[in-house]
Amino acid sequence: MEEKRKPNKRIPLFLSIVIVFCVLGGIVFYVSRKITREMSAAAIQNLNENLELIKCTIESVYKKDAEFQRMIAQELAVQGSLEDFVRSYQKNDTMVRISLIYAGENEGISSVGERFSEEGMRFSVSEMMEGMEISNSYINYMGTWAYTLKCPVIKDGREIASLYIEYTYDTLDELLPDGFYNKQAMLYIMDVKTERFVLKPKGMGQRSAGHLNLEDFYRANNIREEALLAEIDECVKNKTDIMFYHDIRGKSALNFIWMVNDGAICLTGYVPTEAIQQEGQTVNHHIYIVVAIMLTAFFLCCLLYYINQREQRKIMQEREAERERHNQQLKDALQAAQLASSAKTTFLSNMSHDIRTPMNAVLGFTTLLDKDAENADKVREYTKKIKASGQHLIHLINDILEVSKIESGKVVLGEEEFGLYDLLSSIDAMIRPMANARAQNFYVEVKDIIHEHLRGDETRISQILINLLSNAVKYTQEGGNIWFRIIGLKQHSTHFERIRIEVEDNGYGMTPEYLKTIFDVFTRAENSTTNKVQGTGLGMAITKNLVELMGGTIEVFSEVDKGSLFRVELELRTCEKRTNREPLEKEEGRNRIPEQEYSLQGLRFLAAEDNEINAEILQEILASEGALCEIVEDGQMALKRFEASKEGEFDAILMDVQMPVMNGYEATKALRALAREDARNILVIAMTANAFAEDERDALNAGMNIHLAKPVDVALLKKVITQYIRNKKRE
C-alpha cells in the first residue's frame, strides 16, 4: 500500500503570498488610479499632513514652554524669592527675558535691568496658551520677533504676582524641518492679530523672500481678486484654515493659511503644483520606488524621531541644569533669609535693650516720685531725669521708624529751593550750644561755594549734618575741638553744585574693626568711655542711607585717641546762574540769632485733641505758663468753635492730626477757607505723633504754620509762638 503523501505546506503559503501580493498590487493599482484621478485632493491632503506635522511640532514646543513656566511660578509661590530669581536669571536660547509684576501694580522688574509693564503687549484672555495669556508678537530689545506668556503666581489660593517670560520665534526655526517640498515651497509664520510675518524658517522657498506681512505677500505675488481676498480675510478673522490654487510667479501653486495654537499664529505660504504632481507621478510610474521611498521615509522618520528625542533629552538636560541652578539660587536665598532672620533677632534684642533702659528709668523715677512726693528738690530732680529718659526714648523710636522707612523704600526725597547759608546758620544755632556745654571749640569754615541757592531735600540734608555733628560733640572729650567744613568742588555742570562736607574732631576715635560695621544698624563703639554716651546705634545707618538716596558718597577715617573725620560728597541742582563771580566765603557765626526770653503769659489757645490724657496734660502745661486753653474733641468741633468766636479771641490753634469725624488737615483747610481775616492769619500749629519729614510737609501743605511732634516740648512751643507773634506785631 502506497504511503500517504504529506500535504505540501509551501503551496498554500506561496498562494497566500501571491494572493497578498495580488491584493496589494490591486490596492496599489487602485490607489495609483485614484491618485491620478484625484491629484488635487491628494495634493491638499499631502500638504495637510505636512502642515499638521509642523503645527504639532510648534504646539509641542509651546506646551512644554508653558508647562515649564507654570512650574517656575509654582516654585516661586512656594519659595517666595520672586525678585531674587528675576534679577539673577541669565537668558538662554529659549527664554530671553523674565519679568515680574506684583498684584495690584502696573510696573515690575525684569531680568535685563529695566522697568517692565504690560503696556503695548496687548494680552487677551480670549486667546490662551495652555491656560496662560499670550501677547501679540513684537520686536524685542534684541531686534528679533518675540512673544510673551503671562502666568499667575498663586500662593494660598491668592494671586500675588504675574510671571512674564519672553520667547523668540527664532527658537522654532531649529525644530522645524530643513526644507519644504525640496525647498520649492514657501513658508512663513505669521502673527494672526497683526498679520505680520514673524519668521521665515531656513530652507523654505526658492529665493530669499523679504515680505513683511500678508498684504505685502499677496501684492508681491499678484493675488488681487476681491472675492478671494475677502474670503481670506474672513478666514483670518474667524481663525479657520484655508487652501486655494493661484498662480505664483507664473506657475500654478497651492496656497495655504494654516492656524496654529487656536489661531494665535498661522503658517502661511504656497507649494508649487508641479512639486506635488511630480510626487504623484512618481507614485504612478514607480510604485516599487515609492515603496522603497516609503520604507526609507519610515526609517528617516525613525531617525528624525530619534534625533528629535535626542534633542528633547538635550533640552530636558539643559532645563534640568537650569532647575539645578535655580535650586541652588533658592538655597542661597534661603541662607540669606536665615542670615536676615538672625540679624532681625539681633536687631530686636538690641532694640529691646535700648528701649527698656530709658523705660526702666521712667518707671523707676515714677516710683521714687510717689515715695518722695513731699520732697520738692527730689521731685524736681526725678522729673528732670524722667524727661531726659523720655527724650532718649523718643529719639530711639524715631530712629527705628526712620530706618524701617528707608529699608522698605518708602522714603521720598523732596526737592525744594533753600539757601545754603540759612541752613548752616540753623545748624550752627543747634550745635554750638551743645559744644559750649562741653567747653568744646566749634569751628565752621565755608569756602569755594559758587551757588548759594540750591534745590534738594533741605530737611534730609539737615538731618545728615545734625547726625554727624551731634556724634562729634558726644564722642569728643570736654575741651576738645570740632571742625565743620563746607567745601565747593570742581563742577561737572553749571547746573549742579558739588560740595564736600567734612566733620572732624580730635575725640575718642574708633578702632579699625568697628569702622567696618559703623554704618550697620545698632552698632556703637564699645569702650569704657563711649559706653557712658547715650545713643541708639542707628544714626550712622540712617545717615549713610540718606546720602546714598541723594546719589552721594560718605567716607570715614579714624584712629583711636586721635579723632575721626567724616567726609560726605553731594551734587545738588542750582537755582541761580552765577558767572565770573568770586567764590562765596562765610565767617564762623554769621547770621547768629541771639538767645531771647519767651513767654506765653496771657495768651489764649484753641486746641483740638481727642485723647483725654493728652488734652489734660496740654491744658495743665499751658496753665502753668499763664495761658488759657480751650479743648475740643475733633477737627469739626474746632472749626465750629472758631466760627463762633470773635475775631482775635484766640492767639493760636493747636491742631492734632489724627482725630475722628474730621482730621487736622481737613479742619485746617476748611478753616483757611473761611471768609474771615483772622482765619487766614491765625497761627495753626500741628501737634501730632507723626514726626517724619513727610508728615511735616503734609501739615504745611494743608495750611498749618508750624509742625511740632509729640510729646510737646514746652520750651520750643514758647519759642515758636512768641517769635510768630512778635513778627506779626512788626508787620
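Numbers here simply count residues along the sequence, with the first being 1. Remember, predicted model here, so these are calculated numbers, not experimental data.
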Minimum heavy-atom distance N705-R672, with the two atoms named: OD1-NH2, 2.8 Å
Taking all non-hydrogen atoms of both residues, which atom of S137 and which atom of V198 are closest, and how far apart? CB-CG1, 3.7 Å
Who pairs with F566 by ring-ring contact (aromatic ring centres under 6.0 Å, His included), at least two apart in sequence or on another chain? none
Non-hydrogen atoms of Q658 and D610 that approach each other most closely: O-OD1, 3.7 Å
Side-chain contact test, heavy atoms from C-beta onward, threshold under 4.5 Å: evaluate it for N106 versus S117 and give yes or no. no
Atom CD1 of I685 and atom CD1 of I653: how far apart are they, to the nearest 0.5 Å? 10.0 Å
Please determine whether salt bridge (charged side-chain N to carboxylate O under 4.0 Å, His left out) holds for the pair E320 and R323, giving the CA-CA distance in whole Å, both sets of side-chain angles, and the decisive distance to 0.1 Å. CA-CA 5 Å; E320 185 65 29; R323 277 194 290 270; 2.8 Å; yes
Output all residues satisfying side chain to side chain donor-acceptor pair (under 3.5 Å) with E548, sequence neighbours left out; order by chain, then residue number. K544
Short side-chain to backbone donor-acceptor contact, N663 and Y665, under 3.5 Å: yes
Excluding sequence neighbours, so at least two apart, what forms side-chain contact (heavy atoms from CB on, under 4.5 Å) with N140? V96, Y138, M142, T144, A146, E166, T168
On a heavy-atom basis, which atom in A161 and which in L100 lie closest, and how many Å separate them? CB-CD1, 3.8 Å
Just wondering, are more than 12 heavy atoms of other shown residues or ligands nearer than 6.0 Å to CD in E415? yes
Quick one, L489 and I499 - any side-chain contact, counting heavy atoms below 4.5 Å? no
E105: which residues meet the salt bridge (charged side-chain N to carboxylate O under 4.0 Å, His left out) condition with it, sequence neighbours left out? none
Could I get the full list of salt bridge (charged side-chain N to carboxylate O under 4.0 Å, His left out) partners for E497, not counting sequence neighbours? none
Backbone N/O of E571 and side chain of R498: donor-acceptor pair under 3.5 Å: no
Can you tell if the side chain of L51 reaches within under 4.5 Å of the side chain of L267, non-hydrogen atoms only? yes
For D156, what residues pass the side-chain contact (heavy atoms from CB on, under 4.5 Å) criterion, not counting sequence neighbours? none
About how many Å separate CD1 of I265 and CD1 of I134, when rounded to the nearest 0.5 Å? 7.5 Å
For atom CZ of R158, decide whether the heavy atoms of other residues, nucleotides or ligands shown that lie under 6.0 angstrom number more than 12. no
After noting the C-alpha distance and the side-chain angles of M190 and L214, does the key distance pass the side-chain contact (heavy atoms from CB on, under 4.5 Å) rule? CA-CA 8 Å; M190 182 182 80; L214 187 62; 3.7 Å; yes
For R573, side chain to side chain donor-acceptor pair (under 3.5 Å) partners two or more places apart: none
Minimum-distance pair of heavy atoms, taken over all atoms of M550 and D457: CE-O, 4.1 Å
Side-chain touch T574/R455, heavy atoms, less than 4.5 angstrom: no
Any side-chain heavy atom of M659 within less than 4.5 Å of one from Q636? no
Closest heavy-atom pair and its distance - H707, A699: CD2-CB, 4.0 Å
Calculate, to the nearest 0.5 Å, the distance between atoms CG and CD1 belonging to D241 and I257 respectively. 9.5 Å
Chi angles and distances behind the side-chain contact (heavy atoms from CB on, under 4.5 Å) call for V568, T543: CA-CA 10 Å; V568 176; T543 300; 5.5 Å; no
Look up atom CD in E318 and atom CE in M316, then write down how far apart they are to the nearest 0.5 Å. 11.0 Å
Under 3.5 Å, is there a donor on one side chain and an acceptor on the other for N467 and Q463? no
Contacts of type side chain to side chain donor-acceptor pair (under 3.5 Å), residue W258, not counting sequence neighbours: E52
How are the rings of Y188 and F197 set relative to one another: parallel (under 30°), tilted (30 to 60°) or perpendicular (over 60°)? parallel
Report yes if some heavy atom in the side chain of F418 is under 4.5 Å from a heavy atom in the side chain of L454; otherwise report no. yes
S470 side chain to I466 backbone, donor-acceptor under 3.5 Å: yes
Quick one, I501 and I486 - any side-chain contact, counting heavy atoms below 4.5 Å? yes
Heavy-atom side-chain contact between E569 and R500 under 4.5 Å: yes
Does T668 use its side chain to pair, donor to acceptor, with the backbone of G664 at less than 3.5 Å? yes
Answer yes if the side chains of R325 and Q328 hold a donor-acceptor pair under 3.5 Å, and no otherwise. no
side-chain contact (heavy atoms from CB on, under 4.5 Å) between D656 and M687: does it pass, once the steps are laid out? CA-CA 5 Å; D656 191 10; M687 299 182 64; 6.0 Å; no
When you measure from the side chain of E452 to the backbone of G419, do you find a donor-acceptor pair of N or O atoms at a distance under 3.5 Å? no
Using the test salt bridge (charged side-chain N to carboxylate O under 4.0 Å, His left out), find all partners of R196 that sit at least two apart in sequence or belong to another chain. none
Given side-chain contact (heavy atoms from CB on, under 4.5 Å), test L572 with F496 step by step and report yes or no. CA-CA 5 Å; L572 302 173; F496 290 89; over 6 Å; no
Enter the distance from L76:CG to H326:NE2 here, rounded to the nearest 0.5 Å. 5.5 Å
Using modelled atom types and a 3.5 Å cut-off, is there a donor and acceptor pairing between side-chain atoms of S135 and backbone atoms of T148? yes
side-chain contact (heavy atoms from CB on, under 4.5 Å) against M637, all qualifying residues, sequence neighbours excluded: V632, E633, D634
Just verifying a value: how many Å separate E609 CD and N614 CG, rounded to the nearest 0.5 Å? 4.5 Å
Which residues satisfy the side-chain contact (heavy atoms from CB on, under 4.5 Å) test with K63, sequence neighbours excluded? E67, E130
My understanding is that only residues two or more places apart in sequence, or in another chain, count here; which of them pass salt bridge (charged side-chain N to carboxylate O under 4.0 Å, His left out) with R680? E677
Could you tell me whether the side chains of Q69 and Y167 share a donor-acceptor contact shorter than 3.5 Å? yes
